[in-house]
Amino acid sequence: MATLAIDLLGKNLRNPVLNASGTLGYGREIEPLWPIDTLGAYVTKGLSLKPHHGNPPPRIWEEGTGILNSIGLQNIGVERFFDECFPLFKKRKTPIIVNFFGFTDDEYIRCAEAIRPDPLIVALEINLSCPNVKKGGICMGKEAQGVFSIIKAVKAITKIPLIAKLTPEVTDIVQIASAAVEAGADGLTLLNTMPGAAIEVKSRRLAFRGGFSGPALKPIALKAVTDVSRAVSVPGDRIRRHHELCGCP
């Protein structure tokens, strides 16, 4: 009988369908539409060590072929997520990928350290599109050296597989992806939103700025995936290719 089941970083998923981080809240919000166990795995909204209030409204702006958002990474924090939200995933036996972030190197490390291994946790997804406060608001994901150092540090304190979520706001995405894998990343997520803005025509002023997502971003993401997959081999991919070459099941 045909099956959609896949192996991802050593975990068996019922299908390869995963949501993008932040699109389904904490899981319970989507339940009136369809149960979370429809997914192969659920990717959490970005979590920080402590709850974060995010940006003031407005936070969403519809723009042509997509949406601009400026949520500001609002979240309830790691501790509350596992106390209040994770039991639903345990009940439904639905694997999760925990997206997390920090505003400094130390916050990234402490946040990852606070996430304890569980059979349902497939991986941690490190969001590298956050501004680094200690570097004047520069997104650390734009610099290969910054990506390498933070992934190296996080890998040293957790046994959970680590996926690097990369920003498209770079000159050479292959260079950044290579740095992530060299530092020990077990997988890559491509891409995060593109920076964008909206103009209010009548007043001739900048009305909104934030991350742009939607159908218009798909060709950009596909090119990034193509370029990176041709140049970089993540650990799981290397294992798969070895199995194919040696005829292993």
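- Remark: K45 pairs with no residue by the side-chain hydrogen bond (donor to acceptor under 3.5 Å, both in side chains) rule, at least two apart or across chains.
- Expressed to the nearest 0.5 Å, how far CG of L88 lies from NZ of K90 amounts to 12.5 Å.
- Scanning all heavy atoms of the two residues, the minimum distance from I36 to E31 falls at N-OE2, 2.8 Å.
- Separating the CZ atom in R204 from the CD1 atom in I199 is a distance of 12.0 Å, to the nearest 0.5 Å.
- Each of F82, Y26, Y42 was checked for a ring-ring contact (aromatic ring centres under 6.0 Å, His included) with F89, and the lone residue meeting it is Y42.
- Under the 3.5 Å distance criterion, with hydrogens and angles disregarded, no donor-acceptor pair is assigned to the side chains of S21 and E125.
- Contact of the N75 side chain with the T44 side chain is not registered, since no non-hydrogen atoms from C-beta on lie closer than 4.5 Å.
- Using modelled atom types, no side-chain atom of R14 and backbone atom of L4 make a donor-acceptor pair closer than 3.5 Å.
- Distance CZ/R110 to OG/S48: 11.0 Å, rounded to 0.5 Å.
- Between L190 and V225, the closest heavy-atom pair is CD2-N, 3.9 Å.
- Within the 4.5 Å cutoff, no side-chain heavy atoms of L47 are placed close to those of I115.
- Here the side chain of S229 pairs a donor or acceptor atom with the backbone of T226 at under 3.5 angstrom.
- Annotation for L128 and T167: closest pair O-CG2, 4.4 Å, computed over non-hydrogen atoms.
- Proximity of a side-chain donor or acceptor of E29 to a complementary backbone N or O of G27 within less than 3.5 Å is detected.
- Between the N192 side chain and the E169 main chain, no donor and acceptor come within less than 3.5 Å of each other.
- Counting heavy atoms of neighbouring residues, nucleotides and ligands inside a 6.0 Å radius, atom NZ of K11 exceeds 12 of them.
- Taking all atoms of both residues into account, the shortest heavy-atom contact from E63 to A198 is OE1-CB, 3.7 Å.
- In plain terms, the two heavy atoms of P161 and L9 that are nearest each other are CB-CD1, 3.8 Å.
- Between the side chain of R205 and the backbone N or O of K202, no donor-acceptor pair lies under 3.5 Å.
- Ring-plane geometry between F86 and F81 is classed as tilted, the angle between the planes lying from 30 to 60 degrees on a 0 to 90 degree scale.
- By the salt bridge (charged side-chain N to carboxylate O under 4.0 Å, His left out) test, D37 is found to be paired with no residue, residues two or more places apart in sequence or in another chain being considered.
- Interatomic distance, CG of L73 versus CG of N55, reported as 8.0 Å (0.5 Å rounding).
- Residues I163 and L13 are members of one and the same hydrophobic cluster, defined by side-chain heavy-atom contacts under 4.5 angstrom among Ile, Leu, Val, Met, Phe, Trp and Tyr.
- Linking Ile, Leu, Val, Met, Phe, Trp and Tyr whenever their side-chain heavy atoms come within less than 4.5 Å puts L188 and M194 in one cluster.
- At a threshold of 4.5 Å between non-hydrogen side-chain atoms, the residues W34 and L39 count as touching.
- The side-chain heavy atoms of P195 and R209, taken from C-beta on, include no pair separated by under 4.5 Å.
- Across V181 and V234, no two heavy atoms sit closer than the pair CG2-CG1, 3.7 Å.
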